[in-house]
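A quick write-up on the structure given underneath.
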Amino acid sequence: MSGSDSPEPNFPEAEPDAVVVGAGLAGLYQLHRLRELGLRVRVFENGSDVGGTWYWNRYPGARCDVESMSYSYSFSPELEQEWTWTEKYAAQPEILRYIQYVAERFDLRRGITFDTRVTEAHYDENAHRWLVRTDTGESVSTRFLIMATGCLSASKPPELPGIERFGGAVHHTGRWPHEGVDLTGQRVGVIGTGSSGIQVIPELAEQAAELTVFQRTPNFSMPAFNRPLRETEITERKANYRQWRAAQRDSYAGVPRQPAERSAFEDSPEQREETYRQSWREGSLFGIPGSYADILVDPAANETAAEFVRARIRDKVHDPEIAETLSPRDFPIGTKRPCLDTGYYETFNREHVRLVDLRSTPLTEIVETGVRTSRREYELDTLVFATGFDAMTGALEAVDVRGRDGRTLREYWSAGPRTYLGLAVSGFPNLFTVTGPTSPSVLSNMIVSIEQHVDWITDCVSYLAANGLTEVEATERAEREWLNHAAEAGNATLYPTADSWYTGANVPGKPRVLLAYVGGVAAYRQWCEQVADNGYSGFSLR
Ligand code: N01
C-alpha cells in the first residue's frame, strides 16, 4: 500500500491500491475516505457523471421517499451547514445537484473514470491482487476491490413476448432519457405499479392524451404530503444536526422514530383507527407499518393496517370497481416496499386515464401498435416500463467476478447470495460490497447504511496496513453463521411471505431468499463494530 501527500497522480493509475466500482453516493464517499488514508484509488463509473441511482432515474416525478434532511451525508458537518434542501422530499434534480456539489466540494471527479463499465475482476492468488478489466479495454491491478454498484441499479427488463415488435417509443423509468420525453397528445401505456410507476403515473397523466396503466399487482401507497421546507425547521435541524445524525445511526431504519411497543390488538378498533390516521398524516414510509409492534410479524395485526389503507383508496377513487382493483389483497402491507405518492390514486378519477387489471385479463403479447391482453388490444404511441430492478445481486453478478480457484461469484451465489455481514464473501479476498445482500441496506435510509459500510471498510483497510497485512477474507464458517442468523431474523417476520424484489421473486429463475437484513441498522452496526473490535472475528487476516 502506498501513501503520499498527493494520493492520485493526474494520469490513470494502472496499479492503484483500491478500485471502487460505481460513483453513486456509496462510491463517492468511499473514494473520499480511502483518499484520506493516502491510498491511490481508481473509480470506474458507467454513467457520464456522478450520481448513480440519481443519475439514471430521471423520470418525471422521481423523488426520494426518505426526507431530504435525513437523506444526506453526515460525514461533513461543514457540508451539512452549506447545503440547504428546499422540500420535505427532494426531487431527483435537487438530489443530483447535491451529489454533484459533493463531488466538486471534495474534488472527487478527478479520481473517477466515467463512461466505463467494469466487466471482469479476477483474483490473482499469487500476487494477492485483483485484475480488473473494463469495457473500454483498460486493465488495472488492485489490492482492494470495492463494489459500490448500488442495490437497485440493474434494470429488470419486462419479460413480455413480442416486445421487439412494438413500433412506438419505449422508455424504462430507470434509464429515462436525459433530454426528457415530450408525451403531449400521445397515447401512453405504463407497465408497472411499484414506487417508480406510482411516481411517474400522475406526471404522465398531465401530459398524455390517453394514459393506460397495466397493473399486475396493486401496491400500498401513502400520501407523501410533500411541501417546501420551512425556514425554521431548516435552522433548527442545522443547529442540531449532530444529535440528529447520532439518532439516525441509533435507529431501526436510519430515520429517528420512536419504535412502537404496543400490539395492534391492545387498542380498541376506534383507538387503532385514530393511531392509523395519525400515522397517515405523517406522510412517511414508516408511518403506517410502524404504527404497532406486530404489524410486520402478525398477519392479523397487519390486516388491520392494510384495511385502513384500502379504505383510504376507496375514499379517493370514485369508481368502486377501480378502487378495488387498486387495493392490494395478496401480500401483507410493508412486506413489499410501500410507496409514497403525490396524487396517485386520484389520477384514476381522470377521464383520460384507464386501469387495466392484468390479473383478470393477462397481457398476452406486445404487438406493433400496442399491447394485447386476453380481452382486447390497446393502441399506444409510447410504452413506459416501470418494471423495476434485479435488486441487490443484479449489478454485482453483472461483473464476471472470480475469486480463489477461479470460482465465479455467480456460481457461488447460484442458490442465493452468500456473504458475511453483506460486506464480504468467503473465497473472494479483499473484495467488499457496500450495502451488499444480507445487510440492512434497502430496509433502511440508504445513506446511513452506506456511510456505515464505507467507514467499516475504510477502518478494515487501515487496520491491515497498520498491522503489515495484505489480505482479509471472510471465513466460510462466519459466513454460514451470519446467513443463518439473517435468515432466522427474516423468518420471524412476514417479509418472506411476499413475492417482491426483497425476496428475488420479481426476477424469473432468481433464488428466493430475503435479500436484506431485518435486524435494523443500530443492532447491525453494533454487530459490525464488535467484529472489528475483536480483531475482525470471522475473517482470516494474512
Ligand atoms: O420496481 P418494483 P420500482 N408484466 O419492482 C411490474 C426504489 N425506488 O422501480 O408486482 C407486468 O417495485 C411489477 O408487478 P408485480 C424502492 O425501493 C424508490 O417501482 O411483479 N408487470 C411491479 O408492479 C422501490 O421499491 C423510489 O406483479 C410487471 C412493477 O413492475 C424499488 O426502487 C422511487 C412485469 C415493478 O415494481 C423498485 O421500484 C422509485 C411484467 N412482465 C424506486 N414485470 C423512491 O424513493 C414487472 N412488472 C420514491
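Ligands are counted one by one from 1 in listed order, and the atoms in each one are counted from 1 as well.
Neither the backbone nor the side chain of N57 has a heavy atom within less than 4.0 Å of ligand 1. Contacts with ligand 1 closer than 4.0 Å are made by no heavy atom of Q215, backbone or side chain. At a heavy-atom distance under 4.0 Å, no atom of F331 approaches ligand 1. Contacts between C64 and ligand 1, counted as non-hydrogen atom pairs separated by less than 4.0 Å, involve the backbone only. No part of A62 comes within 4.0 Å of ligand 1, judged by heavy-atom distances. Counting heavy atoms under 4.0 Å from ligand 1, residue L152 touches it through the side chain alone. At a heavy-atom cutoff of 4.0 Å, ligand 1 is contacted by no atom of D499, backbone or side chain.
Centroid-to-centroid, the aromatic rings of F220 and F331 come within less than 6.0 Å. Aromatic rings of F114 and F44 (six-membered ring for Trp) have centroids beyond the 6.0 Å cut-off, not under it.
Ring geometry for Y29 against Y73 counts as tilted: the plane angle lies between 30° and 60°, on a 0 to 90° scale. Using bins of under 30°, 30° to 60° and over 60° for the plane-to-plane angle, the ring pair Y98/W83 lands in the perpendicular bin. Classification of the Y524-H453 ring pair by plane angle, with boundaries at 30° and 60°, yields tilted.
Within the listing of ligand 1, atoms 11 (C), 21 (N) sit less than 4.0 angstrom from a heavy atom of I191. Every atom of ligand 1 with a heavy atom of E159 under 4.0 Å away is listed here by number and element: 41 (N), 43 (N). The ligand atoms of ligand 1 that sit less than 4.0 angstrom from a heavy atom of Y59 are 33 (C), 39 (C). Heavy-atom contacts of T193 reach the following atoms of ligand 1: 22 (C), 23 (O), 29 (C) (cutoff under 4.0 Å). Residue K156 has at least one heavy-atom neighbour below 4.0 Å for each of these atoms of ligand 1: 43 (N), 46 (C). Counting the atoms of ligand 1 from 1 in the order shown, those under 4.0 Å from a heavy atom of T217 are 10 (O), 15 (P), 27 (O). Taking every heavy atom of R63 and a limit of under 4.0 angstrom, the matching atoms of ligand 1 come to 44 (C), 45 (O), 48 (C). Residue contact check: F389 has heavy atoms under 4.0 Å from atoms 9 (O), 37 (C) of ligand 1.
In this structure, atom 18 (C) of ligand 1 lies nearest to the protein heavy atom S195 CB, 3.9 Å. Scanning all protein heavy atoms for the shortest distance to atom 1 (O) of ligand 1 gives G388 CA, 3.1 Å. Closest to atom 6 (C) of ligand 1 among all protein heavy atoms lies G192 CA, 3.6 Å. With respect to atom 25 (O) of ligand 1, the closest heavy atom belonging to the protein is W501 NE1, 2.9 Å. Looking at atom 35 (C) of ligand 1, its nearest protein heavy atom turns out to be A386 O, 3.3 Å.
When the heavy atoms of A90, G61, S196 are ranked by distance to atom 9 (O) of ligand 1, first place goes to S196. Taking each of Q92, Q199, H172 in turn, the one with a heavy atom nearest to atom 48 (C) of ligand 1 proves to be Q199. The residue from R359, R216, K336 that puts a heavy atom closest to atom 40 (C) of ligand 1 is R216. Here atom 36 (O) of ligand 1 lies nearest to G194 when heavy atoms of P362, G197, G194, P161 are compared.
For the atom pair CD of E307 and CD1 of I333, the computed distance is 10.5 Å after rounding to the nearest 0.5 Å.
Residues V401 and R410 form no side-chain contact, since every pair of their non-hydrogen atoms from C-beta on lies 4.5 Å or further apart. At least one side-chain heavy atom of T382 sits under 4.5 Å from a side-chain heavy atom of V384. Contact of the Y276 side chain with the I288 side chain is registered, since non-hydrogen atoms from C-beta on lie closer than 4.5 Å.
The closest approach between V442 and ligand 1 stays at or above 4.0 Å for every heavy atom of the residue.
Considering Y495, Y502, W527, W482 in turn, W482 is the only one that fulfils the ring pair (Phe, Tyr, Trp, His ring centres under 6.0 Å) rule with Y517.
A cation-pi arrangement is not found for R97 relative to Y101, the charged atom failing to lie both closer than 6.0 Å to the ring centre and inside a 45° cone about the ring normal. Cation-pi contact between R175 and W56: present, with separation from the ring centre below 6.0 Å and deviation from the ring axis of at most 45°. By the 6.0 Å and 45° rule, R418 does not stack over the aromatic ring of W413. F308 does not carry R310 over the face of its six-membered ring by the limits of under 6.0 Å from the centre and within 45° of the normal.
Counting only distance, with no hydrogens or angles, the side chain of R525 and the backbone of G520 share no donor-acceptor pair below 3.5 Å.
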